[in-house]
Amino acid sequence: MSSREEILNRLRGNVRETYDFPDLGFRKLEFADPVAQYVETTVTTAGARVFEIKPTDDLNEKIREAYPDAKIIASNVPGIKADKNPDTVERAQDLEDVDVGVIKGEVACAENGCVWIPQTMKEKAVCFASETLVILVSKQNIVSNMHEAYERIKFNDYGFGTFISGPSKTADIEQSLVYGAQAARGVTIFLTE
Amino acid sequence: MSTKHSIAAEKFNQDSGRVTRHDQTFWSVRSKRDGLAYQLEEWEQLRESANLIKKHTITHLADYLEQFETNARKNGVHVHWAKDADEYNDIVMQIMREHNVKKVVKSKSMLTEECHLNDNLIRHGIDVVETDLGERILQLMEIPPSHIVMPAIHVTREEVAACFREKGIIEKHGAHAAEGLLKEGEDWRTSSDPTYLTRAARYHLRDNFMEADCGMTGGNFGIAETGDIVVCTNEGNADMSTSIPKLHIVSIGLEKIIPNYKAMGVFQRLLARHGTGQATTVYTSHFRKPRPGAEMHIILVDNGRSSILGNIEHWQTLKCMRCGACMNTCPVYRRSGGYSYTYFIPGPIGVNLGMLKDKDANYHNCSACSLCMSCDNVCPVKVDLSTQIYKWRQELDSMGHADPMKKMMSAGMQTLFEHPSLYTTALKFAPLANHVPAFMTNIKANAWCYGHTMPEFAKESFHTLWKKGKVK
């Protein structure tokens, strides 16, 4: 008998009483103004910045304004002037020296600042290895809580997605909060209409 | 007779500054959790839902595992089953050999700790690098974790700095890490500033991410409906470990499978709030398919879990999602530290898991509980931790591990309480003990006096006061 069968048989044999999946219809946290709450959560506890972007704004200028010292920008978002493209770099390692990665978020959650970022590029390293991130999020796609967020998120063929709430952080040395552990050291959310 | 836990705890308590710091650190995490709890009206409904979802899943686990496997395979992921730690290590080694792996970057996983993976990899000549900062510090210092979520919190910044100097990290990355960070006059060669040390570790780990041939992660959840593996981190180290090497191996205990995204919503809201007192971890990553040109393997590990399901008293430990809330709140854990326990997982859940793993090796930890039940009250999935510890204690005598002194005292008390005349006489003469000098009562044979002074006996017992009508 294979380990698989052995494990499944033992599990089936050891069940006594069974339980039903519960009804999750209870009332969940909702904000009167999810957009305002999202901004509040993001700039306080999540440790990121929020730039409100008007339809007339030039995104490339705004990126420059957010990170004036950036030398290498990486993105595959149409219209973004980038030095590297995560779709065409040969290896993930080629994105190690990126100063700003510009990526798109699909759903944002007001209760904790999470933004859903599905992989839309060959090398997702751009979302993690870049020193800093600019995440584009539309105000139309902000929900109050994670239950709603999980109902809204979608996967594509890349089969990877991540919720990111802000810069990478750690408190592993004497509980001192430090931004910039292994992934992005800073995050700026571009909130579009 | 003292348990190994009480002996180690006594040693830990000799440094009162360290105990206070340890206690306050974890109590502050518990307090942050409470702060978040009060912000959610549905807090208790979330906990009860989490409890019921886990009960449902665990009592239908075979079905959900099969569903998970089918979906993961459809996604192009290789699925393996390991009945124990040996089989698990063999599977890992086989995958590594096929890919000629020389260096592994690894994100934190208690399961790999449970299966002694790192020792095994090193024995086979594979370089393994832990990438969670706390885990990396411990690996370099060659010491085990003392908490499951904040593994190196007991190490001081000076100790971290000394370790980084000794391992050449400061020499290689210190000057770069110090740029624009340290105050004037502060020397990067000797600084123990946490931001600076974290930066130096960042550069050190970056080199390792770039060179590794394999990334290994654990999994906080596996979703049966879709085949997703969900990994939650603050540092982004699991994502770095899987974005660069072309091979991703996931190690996950059977009990981490949940049915669907509806369940995931409940657990995502509870995990970080309970574990670290944050509304979310920075990253909640869903791995469904391998990256383009890469391979992904999931190893489902039993190692005793399917037998625990058959244990009528203790099966609910399988609900645990390893958030660490029970140890953060535990007054005994906070004041005795993770190393006082004989099992690698400390605190209330560790007492129980240790007993399920090996009673004779781990019965010592049963004394590490005051039955205050604080752990039961904070557990996000409502594991009845203290009740389970109480039940283990009832079994200690039949295992031959009861404390002989307490047994003698219990027998004495039984004689006393079963003979009213003896009881009344004893009570009458008890106040005489008040006149015995302290150096005679505060002796080792009198366990009560250890850490206490003897209580003063009342001149007249309640019994006599009652009889004389003095009780109003």
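Throughout, a chain's letter reflects where its sequence line sits, starting with A, and its residues are numbered from 1.
In this structure, no portion of A/Ile117 lies under 4.5 Å from any heavy atom of chain B. Of the two parts of A/Leu29, the backbone and the side chain both hold a non-hydrogen atom closer than 4.5 Å to a non-hydrogen atom of chain B. In this structure, the portion of A/Ser176 lying under 4.5 Å from any heavy atom of chain B is its side chain and not its backbone. At a 4.5 Å heavy-atom cutoff, the contact between B/Glu41 and chain A is made by side-chain atoms alone. Contact of A/Arg4 with chain B is made through backbone and side chain together, with heavy-atom distances under 4.5 Å. Only the backbone of B/Ala82 comes within less than 4.5 Å of a heavy atom of chain A; no side-chain atom from C-beta onward does.
A donor-acceptor contact shorter than 3.5 Å is absent between the side chain of A/Arg10 and the backbone of B/Arg305. One N or O on the side chain of B/Arg202 and one on the backbone of A/Ala183 form a donor-acceptor pair closer than 3.5 Å. No donor-acceptor distance shorter than 3.5 angstrom exists from the side chain of B/Glu235 to the backbone of A/Ala181, with no hydrogens or angles considered. Under the 3.5 Å distance criterion, the side-chain polar atoms of A/Gln175 are left unmatched by any main-chain donor or acceptor of B/Ile153.
Heavy-atom proximity under 4.5 angstrom to chain B picks out nothing from residues 58-85 of chain A. Below 4.5 Å, heavy atoms of chain B meet heavy atoms from A/Tyr158, A/Gly159, A/Phe160, A/Gly161, A/Thr162, A/Phe163, A/Ile164, A/Ser165, A/Gly166, A/Pro167, A/Ser168, A/Lys169, A/Thr170, A/Ala171, A/Asp172, A/Ile173, all part of residues 158-173 of chain A. Within residues 141-148 of chain A, the residues approaching chain B closer than 4.5 Å by heavy atoms are, in numerical order, A/Asn145, A/Met146, A/His147.
In this view, A/Asn156 satisfies the side-chain hydrogen bond (donor to acceptor under 3.5 Å, both in side chains) rule with no residue, not counting sequence neighbours.
Residues B/Thr131 and A/Gln182 bring no donor and acceptor atom of their side chains to less than 3.5 Å of each other.
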